[in-house]
Novice: 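Before I ask anything, let me first share the structure, which is written out below as structure tokens.
Here the structure is a predicted model, which is why all the values come from computation and not from measurement. These values consider heavy atoms only, across backbone and side chains, with no hydrogens, waters or symmetry-generated copies.
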Amino acid sequence: MKSILSIIFLTATFLFPVIGQTAQMGMTTTDMSTYLLTYFKDDTHGLYFALSDDGYTFTDINDGKPVISGDTIAQQKGIRDPHITRGKDGAFYLAMTDLHVFGKEAGYRTTQWERDEKYGWGNNRGFVLMKSFDLIHWTRSNVIIEDLFPNLDVACAWAPQTIYDPEEDKMMLYFTMRIGGKGKTKLYYAYTDNDFTTLITRPQLLFNYPDSTVQILDADITPLPDGRFCMMYVAQENPAGIKMAFSDKINGGYIYRPGQVDFAPRSCEAPNVWKRIGEDKWVLMYDIFSIRPHNFGFAETSDFETFTNLGHFDGGVMQRTNFSVQKHGAVIQLTKEEVARLTEYYKQKPAYLFSYFTGSSADGLHLAYSYDGLTWTPLNGGHSFLKPSVGKDQLMRDPSILQAPDGVFHMVWTSSWTDRIIGYASSTDLIHWSEQQAIPVMMHEETAHNCWAPELFYDESSKTFYIFWATTIPGRHKEVSTSESEKGLNHRIYYVTTKDFRTFSETAMFFNPDFSVIDAAIVKIPSTRELLMIVKNENSNPPEKNLRVTRTTNIEKGFPVNVSAPITGNYWAEGPAPLFVGDTLYVYFDKYRDHRYGAVRSFDFGKTWEDVSELVSFPKGIRHGTAFPVKAPVVEQLINMKHNVVSYMRM
């Protein structure tokens, strides 16, 4: 047999050396304060963490980005099915499937699967095992089962999970495996060494399903208060669903129970059971892969006999704030100290700012902050940060702020109802501002009526800033029917570009649909080239006054004039402010006739929308602004600043 070291691809540490591996013995349930959810996503095949203080609302700790990229730890450059547990020694044990389902499309291999298709779907050979005492610094091993046990003809190995076996005094790894060809997957177990680097026993059958024609997978074992063990698992019947089996010992003897315990409308998989802190209640979480977009379902039990349906994420009491399309997860409990260390490492909370005006806008720029995209709190005691000093009327309406790659904040705004210029200023901290300038974007058009709601967008590929706004030039465009109060207003979107905010391109048409259009705002979809632009259909006879979407992959080629159906409801909306909170896209807007702010959100990058106006909270009197992400220290500095400070400096 080959030596262990030659067949285990082991790195001594991942990230940084583990320091102070002190056993966290003696912890009780009263020490626990927070829930940690691990999950992965199909588009990245990376590892994600989310936290919840109450076990109902979860927030991704890294703002919807992987905490560890799959291509840095897996032989196939991708992980799936992450499961986390705590061991007797207080360490965290993380087991994942080493498999990239889209490895060919991602350019990691030239074939659909790693091996010949005779081994069936996926046909991977092993797992990624990681161990940590602080959830930040990890040891890591790549375990290939068929190398450890050459006489096992492993066709696939999926969904590893770990549990401490007190009788063996070892960590037990249990998983789904198919032996030989394209047969049925079954459930197996083996024991690991203390360092969690390899399997030290040959895989054994964990459970024999009574119907040999049915494939079973995705086991999850829970110790019960009476000393028994409940194993949840998936039986791929029609539909595939979650079943239970019970045993007096952890590694076998499980007795079959008929009937499924999930509430999924169609097939589901990946059960995980976790206990509520301080309650004799357990939550069954499962992946409803058969719905679009896929989602997690939840049920609750106190006796493992009857279950109450809790719905799914964002469809009941369970909520996500800044992530979506998560897959196959697991939940454990953490102490306050562990949460504090973890959040500090990942820059504490994701932070967001909202620039806006109030009243007539004569008092200038206002800012609010949020950590979840739902609750927005005014800064500076609700006072202005910057008073306007340029333009015909010296107003500061519709302030749009963008942070450049060098950290400088750039702002443009509407300076008057009838100006042919827009206002501009910059800042490194949002407290001290440069001298204000008037950018003469429409001075060459003598009949131009206005320059409204300028917005900023930075194109990374060309390293260019785009400034775009709405202007009416009488007789210039296809006429639309207008109400008497808006007679003669027929807006289109124009733009200029700049790299330094000192020299600008010539003004040009940016968006010219067959309707009067104002309030354009652009957002880039994370990890793709696609851009979404939200615009207001400003037609007044009959009135539209709603928000619509168009999208492109090349800003230089512009946006299609064929726009979506309205994404807002039966009310007048304007001033869209798109913001990705993780990979959840929010569009905030001014319900200006109702004198309040509203919001819609999308979990599929703008294809479908739901109105969440009742979930958001904004400062009193807020009007048309922009939402943008910042690092947490930026918000902390603004929170701690002295009230009513308005500063200027040349930059």
Novice: Using side chain to side chain donor-acceptor pair (under 3.5 Å) as the criterion, list what pairs up with Asn541, not counting sequence neighbours.
Specialist: Ser481
Novice: For the ring-ring contact (aromatic ring centres under 6.0 Å, His included) test, which of Tyr597, Tyr586, Phe628 pairs with Phe354?
Specialist: Tyr597
Novice: Do the two ring centres, one from Phe618 and one from Tyr356, sit under 6.0 Å apart?
Specialist: no
Novice: Of the non-hydrogen atoms in Val600 and Trp609, which two are nearest, and what is the gap between them?
Specialist: CG2-CE3, 3.6 Å
Novice: For the pair Phe49 and Thr38, evaluate side chain to side chain contact (heavy atoms under 4.5 Å, CB included) and give the outcome as yes or no after the intermediate values.
Specialist: CA-CA 5 Å; Phe49 286 169; Thr38 63; 3.6 Å; yes
Novice: Can you sort out the partners of Glu614 under salt bridge (charged side-chain N to carboxylate O under 4.0 Å, His left out), two or more places apart, ordered by chain and number?
Specialist: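 Once residues adjacent in sequence are excluded, the partners of Glu614 under the salt bridge (charged side-chain N to carboxylate O under 4.0 Å, His left out) criterion are Arg596.
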Novice: Distance-only criterion, 3.5 Å: show the donor-acceptor pairs between side-chain atoms of residues 441-451 and protein atoms not counting sequence neighbours.
Specialist:
from: Glu445; atom 1: OE1; to: Arg476; atom 2: NH2; distance (Å): 2.9
from: Glu445; atom 1: OE2; to: Arg476; atom 2: NH1; distance (Å): 3.2
from: Asn450; atom 1: OD1; to: Thr472; atom 2: N; distance (Å): 2.8

Novice: Is the closest side-chain heavy-atom distance between Phe605 and Leu532 below 4.5 Å?
Specialist: no
Novice: Could you list the residues that satisfy ring-ring contact (aromatic ring centres under 6.0 Å, His included) with Phe457, not counting sequence neighbours?
Specialist: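 Expected list: none.
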Novice: Distance-only, no hydrogens or angles: does the Ser416 side chain make a donor-acceptor pair with backbone N or O of Gly391 under 3.5 Å?
Specialist: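 Not at all, since once roles are kept as given, no pair shorter than 3.5 Å links the two residues.
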Novice: Using every non-hydrogen atom in the two residues, find where Glu574 and Asp519 come nearest and quote the distance to one decimal.
Specialist: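 It is CB-OD2, 3.4 Å.
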Novice: Under the 3.5 angstrom rule, does the side chain of His45 hit a backbone N or O of Asp42 as a donor-acceptor pair?
Specialist: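 Confirmed, His45 side chain pairs with Asp42 backbone.
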Novice: Measuring only between side-chain heavy atoms, which start at C-beta, is Tyr39 closer than 4.5 Å to Asp287?
Specialist: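 No, side chains not in contact.
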Novice: Checking ring-ring contact (aromatic ring centres under 6.0 Å, His included) between Phe468 and each of Tyr495, Phe510, Phe511, which is the one that passes?
Specialist: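 With Phe468 as partner, Tyr495, Phe510, Phe511 yield a single ring-ring contact (aromatic ring centres under 6.0 Å, His included), made by Phe510.
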Novice: Is a donor on one side and an acceptor on the other found under 3.5 Å between the side chain of Asp262 and the backbone of Ala264?
Specialist: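 Pair found, side chain donor or acceptor close to backbone of Ala264.
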Novice: Just by distance, with hydrogens left out, do Thr418 and Lys392 show a side-chain donor and acceptor under 3.5 Å apart?
Specialist: yes
Novice: With side chain to side chain donor-acceptor pair (under 3.5 Å) as the test, would you mind laying out the steps for Ser324 and Thr584 before giving the verdict?
Specialist: CA-CA 6 Å; Ser324 62; Thr584 301; 4.6 Å; no
Novice: Are the side chain of Asn322 and the backbone N or O of Asp60 linked by a donor-acceptor pair below 3.5 Å?
Specialist: yes
Novice: Tell me whether Arg320 forms a cation-pi arrangement with Phe296, defined as NZ or CZ under 6.0 Å from the six-membered ring centre and within 45 degrees of its axis.
Specialist: no
Novice: Which residue pairs pass the salt bridge (charged side-chain N to carboxylate O under 4.0 Å, His left out) test with at least one member in residues 485-495, sequence neighbours excluded?
Specialist: Glu486-Lys545
Novice: Quick check: do Val630 and Val635 have side-chain heavy atoms less than 4.5 Å from each other?
Specialist: yes
Novice: Counting only heavy atoms not in Glu105, do more than 12 fall under 6.0 Å of its CD?
Specialist: yes
Novice: Please evaluate residues Phe465 and His410 with respect to the criterion side chain to side chain contact (heavy atoms under 4.5 Å, CB included), reporting the C-alpha separation (whole Å), side-chain torsions for both, the decisive distance (0.1 Å), and the verdict.
Specialist: CA-CA 10 Å; Phe465 296 92; His410 299 276; 4.1 Å; yes
Novice: When you measure from the side chain of Asp406 to the backbone N and O of Val408, does any donor-acceptor pair fall under 3.5 Å?
Specialist: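 Looks like yes, one N/O pair under 3.5 Å.
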Novice: Quick one: does Ser400's side chain have a donor or acceptor within less than 3.5 Å of a partner on Leu456's backbone?
Specialist: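 Side chain of Ser400 to backbone of Leu456: a pair is present.
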Novice: According to ring-ring contact (aromatic ring centres under 6.0 Å, His included), who are the partners of Tyr352, at least two apart in sequence or on a separate chain?
Specialist: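 If we apply the ring-ring contact (aromatic ring centres under 6.0 Å, His included) test to Tyr352, skipping adjacent residues, there are no hits.
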Novice: Mind running ring-ring contact (aromatic ring centres under 6.0 Å, His included) on Phe323 and Tyr48 for me, showing each step along the way?
Specialist: CA-CA 10 Å; Phe323 65 98; Tyr48 297 77; 8.6 Å; no
Novice: Taking the side chain as every heavy atom from C-beta outward, state whether Ile555 and Ile522 have any atom pair closer than 4.5 Å.
Specialist: yes
Novice: Sub-3.5 Å donor-acceptor pair from the side chain of Ser384 to the main-chain atoms of Asp363, do we have one?
Specialist: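 Yes; at least one donor-acceptor contact below 3.5 Å.
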Novice: Any side-chain heavy-atom pair from Asn490 and Glu479 closer than 4.5 angstrom?
Specialist: yes
Novice: State whether the side chain of Arg548 and the backbone N or O of Ser564 hold a donor-acceptor pair below 3.5 Å, judged by distance alone.
Specialist: yes
Novice: Quiz question: by atom type and distance under 3.5 Å, do the side chains of Thr482 and Ser540 form a donor-acceptor pair?
Specialist: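 On atom types as modelled, these side chains do not qualify, holding no pair under 3.5 Å.
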Novice: Can you name the one residue among Val581, Asp611, Leu615, Leu585 that meets side chain to side chain contact (heavy atoms under 4.5 Å, CB included) with Arg601?
Specialist: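 The residue from Val581, Asp611, Leu615, Leu585 that satisfies side chain to side chain contact (heavy atoms under 4.5 Å, CB included) with Arg601 turns out to be Leu615.
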Novice: Please name all residues satisfying ring-ring contact (aromatic ring centres under 6.0 Å, His included) with Tyr56, sequence neighbours left out, ordered by chain then number.
Specialist: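 So Tyr56 forms no ring-ring contact (aromatic ring centres under 6.0 Å, His included) with any residue.
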Novice: Quick one, Pro543 and Trp572 - any side-chain contact, counting heavy atoms below 4.5 Å?
Specialist: yes
Novice: Please identify each residue that fulfils salt bridge (charged side-chain N to carboxylate O under 4.0 Å, His left out) with Asp590, with sequence neighbours left out.
Specialist: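 For Asp590, the residues satisfying salt bridge (charged side-chain N to carboxylate O under 4.0 Å, His left out) (neighbours in sequence not counted) are Arg623.
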Novice: Got a sec: does the NZ of Lys499 have more than 12 other heavy atoms crowding it under 6.0 Å?
Specialist: yes
Novice: Can you check side chain to side chain contact (heavy atoms under 4.5 Å, CB included) on Phe385 and His366, steps first, answer last?
Specialist: CA-CA 6 Å; Phe385 279 78; His366 292 253; 5.7 Å; no
Novice: If you take all heavy atoms of Asp604 and Thr608, which pair is closest and at what distance?
Specialist: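 Answer, listing the atom of Asp604 first, then Thr608: OD2-OG1, 2.7 Å.
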Novice: Considering residues at least two apart in sequence or located in another chain, which fulfil the ring-ring contact (aromatic ring centres under 6.0 Å, His included) criterion with His624?
Specialist: none
Novice: What pair of heavy atoms forms the shortest contact from Ser516 to His491, and how long is it?
Specialist: OG-N, 3.1 Å
Novice: Please confirm whether the backbone N or O of Ala425 pairs with a side-chain atom of Ser434, one donor and one acceptor, at under 3.5 Å?
Specialist: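 No, the answer is negative, given that no donor and acceptor are paired below the 3.5 Å cut-off.
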Novice: Should His312 and Phe263 count as side-chain neighbours, where that means a heavy-atom distance under 4.5 Å?
Specialist: no
Novice: Applying salt bridge (charged side-chain N to carboxylate O under 4.0 Å, His left out), can you list everything that pairs with Glu269, at least two apart in sequence or on another chain?
Specialist: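 Partners of Glu269 under the salt bridge (charged side-chain N to carboxylate O under 4.0 Å, His left out) test: none.
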Novice: For residues Pro454 and Trp469, report the shortest heavy-atom separation together with the two atoms involved.
Specialist: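 Here Pro454 and Trp469 meet closest at CA-CB, 3.8 Å.
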Novice: With sequence neighbours excluded, what pairs up with Asp53 under the salt bridge (charged side-chain N to carboxylate O under 4.0 Å, His left out) test?
Specialist: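 By the salt bridge (charged side-chain N to carboxylate O under 4.0 Å, His left out) rule, Asp53 matches no residue at all.
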Novice: With sequence neighbours excluded, what pairs up with Asp459 under the side chain to side chain donor-acceptor pair (under 3.5 Å) test?
Specialist: Ser461, Ser462
Novice: Looking at every non-hydrogen atom in both residues, tell me the closest pair between Val331 and Tyr35 and how far apart they are.
Specialist: CG1-CB, 4.0 Å
Novice: Is there a donor-acceptor pair closer than 3.5 Å between any side-chain N or O of Gln436 and the backbone N or O of Ser389?
Specialist: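 Confirmed, Gln436 side chain pairs with Ser389 backbone.
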Novice: Run the side chain to side chain contact (heavy atoms under 4.5 Å, CB included) test on Trp413 and Leu365 for me, step by step, so that the C-alpha distance in whole Å, both residues' side-chain angles and the decisive distance to 0.1 Å come before the verdict.
Specialist: CA-CA 9 Å; Trp413 65 88; Leu365 170 67; over 6 Å; no
